[in-house]
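Heavy-atom basis, side chains included; hydrogens, waters and symmetry copies ignored. Below, chains carry the letters A, B, ... as their sequence lines are ordered, and counting in each starts from 1. Only a predicted model underlies this, so the values are computations on that prediction, with no experimental measurement involved.
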Amino acid sequence: MRKTHHCNQLGAEDAGSEVVLMGWVQRRRDHGGVIFVDLRDREGLTQVVFNPDNDAQVHAKAHALRSEYVIGVRGRVTPRPEGMVNPNLATGAIEVMVSDLRIFNPAETPPFMIEETVEVNESLRLKHRHLDLRRPRLQKNIILRHKAGAAVREYLNGNGFLDIETPFLTRSTPEGARDYLVPSRVNPGQFYALPQSPQLFKQLLMVSGFERYYQIVRCFRDEDLRADRQPEFTQIDMEMSFIGEEDIMSLSEGLIAYVFQEVLGQAIPLPLPRLTYTEAMDRYGLDKPDTRFGMELKEVSDIVKDSGFKVFADVVKKGGIVKALNAKGCIDFSRKEIDDLTQYVAVYKAKGLAWIKVREDGWQSPIAKFFTDDEKARLAERIDMAPGDLIFFMADQPKIANEALGQLRNHLGEKLKLIAPGTFSFTWVTHFPMFEWDDTEKRHEALHHPFTAPLEADYDLLETQPTAVRSRAYDLVLNGFEIGGGSIRIHDMALQSRVFKILGMNKETYEGKFGFLLDALQSGAPPHGGLAFGFDRLVMLMCGESSIRDVIAFPKTQKAACLLTGAPSEAATVQLDELSLRIKATAKV
RNA sequence: GGGGGUGUAGUUCAGUUCGGUUAGAACGCCGGCCUGUCACGCCGGAGGUCGCGAGUUCGAGUCUCGUCGCUCCCGCCA
């Protein structure tokens, strides 16, 4: 018996032919006489029929069938009787009259139904992931993921990129995320690190002259998990030589457009819109703006800086900003709803949330009395107030005010249903700052990574005013998610050394950690740059999912555990001995 | 490390407000009947460590404390 068709293939035109189908019993409907079985494989469902008049022996055998039994059937494709066609099924015009049945394997009753209709607790799904993966949603997601990966390879192969593998057992580097460490047996007391990304290797491949590299590659970061963050995740990693921002951005856009066209049949108009980091922060408060809806932020610091409202005036005097968000037509928000929103922004360290309800006959607001008529008029114009509007104000240091109001904007966009389902809204964000001052560590940190090139126009500011230096980094944002990011790299040893110094690394430190990179930069390094896409996030958005767990075949829980295999687990003493490791007594077992 | 949500039958949930008889429903499962169903139908049945552990109480699914899992978020994530 050999499978001749998938369960989505047969139609009226196949009537009369003898076929063999194999798959799982989705559902059985036993009428005492005739028995119907919906047979499922990865492609679809076909109704197969056991009729005692046709073959009493096979019919008797079919009584034993239960959900998820794995069977093979041989039979004749038959048009369904008049009025029995099922329009909801791709193969609904026909059925297969079974003449031979093989039960390859019976199955226990599954812990949850293998169908879409029930939402099942996620820990149960993860424990029985092999069963969860049988369900239509994950089947669809995993297949879409495959198609997206295939399209990526097609596009990059066709554009002169070489797929080159890089090591997983590599060296721990300072900065960035916490590394996953792997002890070395042959070098007691020493460790490899799993790569947070193949960053340095791909730069070295450019130095080696490969010109265009890509890899769909696993990366590892030992940080706390989120709906869009797993400890191991997949990047589409790319690097190119002899190029600038424009080259890599247009190539990346082309890749995205190709993938969306091939996988979803969706045309993405190019070029994609661009925002500078400054514009993004100004208009959306976030460096990964959700551009699927408007409701942009407006800064009003200049209007309120001398106002009688001390909270606003003082914030501006201390270098802070005051920004406003106009929730159009939301005047009917209750006191409780506004309180809830205040709670919402408090998560982002906002100290309060001032508001104004714009009525036909004037403002209703706890803060209205503090403003002069002139200030009111200017605010009304700046914020585009109209009767029925609800205005929110945030006054704080720029970082907090932007973050809190930007998150509030996203929250309201969802709450007010301003986002049309199925929308894909891309934007580039460019000209990120090079450095950020870390107040805890009392030093500058690279916003992107230490190998990102500064904008040439800002070289002079490197030592004098590091936080004003803009970088040649760019992120690609889709629906408020950072789905990709990259930069033009430093290909000059002297410049790289200056950047390391600003990051607070002395010569010994960076030569010890990155000596191999500095050597490479002096060995004839071409100008180069690249970009990496978060493949899981991209696929998640393409699938319309809200967690990357739903596009990863075997994901981990928030505690970084695999409920299917039971990883992580304790190691045997013999193994630890071989690795010269001992577990601290204080470690929780 | 912190904050929120959640855990009751195989599954999804109700019951918890205000402690009180034998913890319910739907789906699934098992058995019987049924020859045109496709979420088949009808009849019958089984199935519970109320996450776990303490405590309060005459009595705890319900109250208190602790603990564990899952989840969302903050911190963290070059």
Classify [X] by what it touches in the nucleic acid, base, sugar-phosphate, or nothing, heavy-atom distance under 4.0 Å.
| X | answer |
| --- | --- |
| A:Gln196 | nothing |
| A:Tyr348 | sugar-phosphate |
| A:Glu95 | base |
| A:Leu124 | sugar-phosphate |
| A:Asn121 | sugar-phosphate |
| A:Gln558 | base |
| A:Pro111 | sugar-phosphate |
| A:Arg226 | base |
| A:Ser67 | sugar-phosphate |
| A:Asp53 | base |
| A:Ile35 | nothing |

Below the 4.0 Å mark, does [N] have OP1 or OP2 next to a side-chain nitrogen or oxygen of [X]?
| X | N | value |
| --- | --- | --- |
| A:Arg29 | B:U37 | no |
| A:Thr117 | B:C27 | no |
| A:Lys559 | B:C70 | no |
| A:Arg549 | B:C72 | yes |
| A:Arg66 | B:C30 | yes |

Going by purine N1 to pyrimidine N3 plus the second Watson-Crick contact, or the G-U wobble pair, all under 3.5 Å, which nucleotide sits opposite B:C77?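 B:C77 is paired with nothing.
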By centroid distance (under 5.5 Å) and plane angle (under 30°), are A:Phe36 and B:U37 in a stacked arrangement? yes
A:His31-B:U37 aromatic stacking (under 5.5 Å, under 30°):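 So no, this residue does not stack on that base, at least one cut-off failing.
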Looking at side-chain heavy atoms only, is the closest gap between A:Arg229 and A:Arg537 below 4.5 Å?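 Counting from C-beta outward, A:Arg229 and A:Arg537 do come under 4.5 Å.
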Mind calculating the distance between [atom1] ([X]) and [atom2] ([N]) to the nearest angstrom?
| X | N | atom1 | atom2 | answer |
| --- | --- | --- | --- | --- |
| A:Gln343 | B:G5 | CD | C1' | 15 Å |
| A:Asp340 | B:G5 | CG | P | 13 Å |
| A:Phe50 | B:C38 | CZ | C1' | 15 Å |
| A:Phe481 | B:C77 | CZ | P | 19 Å |
| A:Asp550 | B:C70 | CG | P | 16 Å |

Nearest listed nucleotide, side chain of [X], among [options]:
| X | options | value |
| --- | --- | --- |
| A:Thr109 | B:C29, B:C38, B:G36 | B:C29 |
| A:Val34 | B:G28, B:C77, B:G36 | B:G36 |
| A:Val120 | B:C74, B:U37, B:U11 | B:U11 |
| A:Asn51 | B:U11, B:C38, B:G36 | B:G36 |

In whole angstrom, give me the gap between the [atom1] atoms of [N] and [M].
| N | M | atom1 | answer |
| --- | --- | --- | --- |
| B:G59 | B:C18 | C1' | 16 Å |
| B:C72 | B:U64 | P | 27 Å |
| B:C27 | B:C74 | C1' | 39 Å |

Ring-plane angle category for A:His59 and A:His63, please: parallel below 30°, perpendicular beyond 60°, tilted otherwise. perpendicular
Classify the angle between the aromatic ring planes of A:Phe500 and A:Phe514 as parallel (below 30°), tilted (30 to 60°) or perpendicular (above 60°). parallel
Looking at the base of B:G28, is there any donor atom on it, or on the side chain of A:Arg27, that sits under 3.5 Å from an acceptor on the other one?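 Counting by modelled atom types and ignoring angles, no donor-acceptor contact under 3.5 Å is found here.
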Any N or O donor-acceptor pair under 3.5 Å from the base of B:C77 to the side chain of A:Asp224?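 Flag unset: no donor-acceptor pair detected.
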For the side-chain contact (heavy atoms from CB on, under 4.5 Å) test, which of A:Leu564, A:Leu131, A:Leu563, A:Asp132 pairs with A:Arg125?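 For A:Arg125, the side-chain contact (heavy atoms from CB on, under 4.5 Å) check succeeds only for A:Asp132.
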For the backbone of A:Leu133 and the side chain of A:Gln139, can you confirm whether one donor and one acceptor N or O come within less than 3.5 Å of each other?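 Confirmed, A:Gln139 side chain pairs with A:Leu133 backbone.
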Counting distance only, does the side-chain N/O of A:Asp41 pair as donor-acceptor with the main-chain N or O of A:Gly44 below 3.5 Å? yes
For RNA chain B, whose closest nucleotide is more 5', that of A:Arg221 or that of A:Val49? A:Val49
Nearest-nucleotide wise, let me know which of A:Gly33 and A:Gln199 is further upstream toward the 5' end of RNA chain B.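 Nearest-nucleotide comparison on RNA chain B picks A:Gly33.
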Can you tell whether the side chains of A:Arg498 and A:Glu463 come within less than 4.0 Å, N to carboxylate O?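 Looking at A:Arg498 and A:Glu463, the cut-off is met.
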Does the pair A:Phe451 and A:Leu517 meet the rule for a side-chain contact (heavy atoms from CB on, under 4.5 Å), with working shown? CA-CA 10 Å; A:Phe451 320 111; A:Leu517 177 72; 3.5 Å; yes
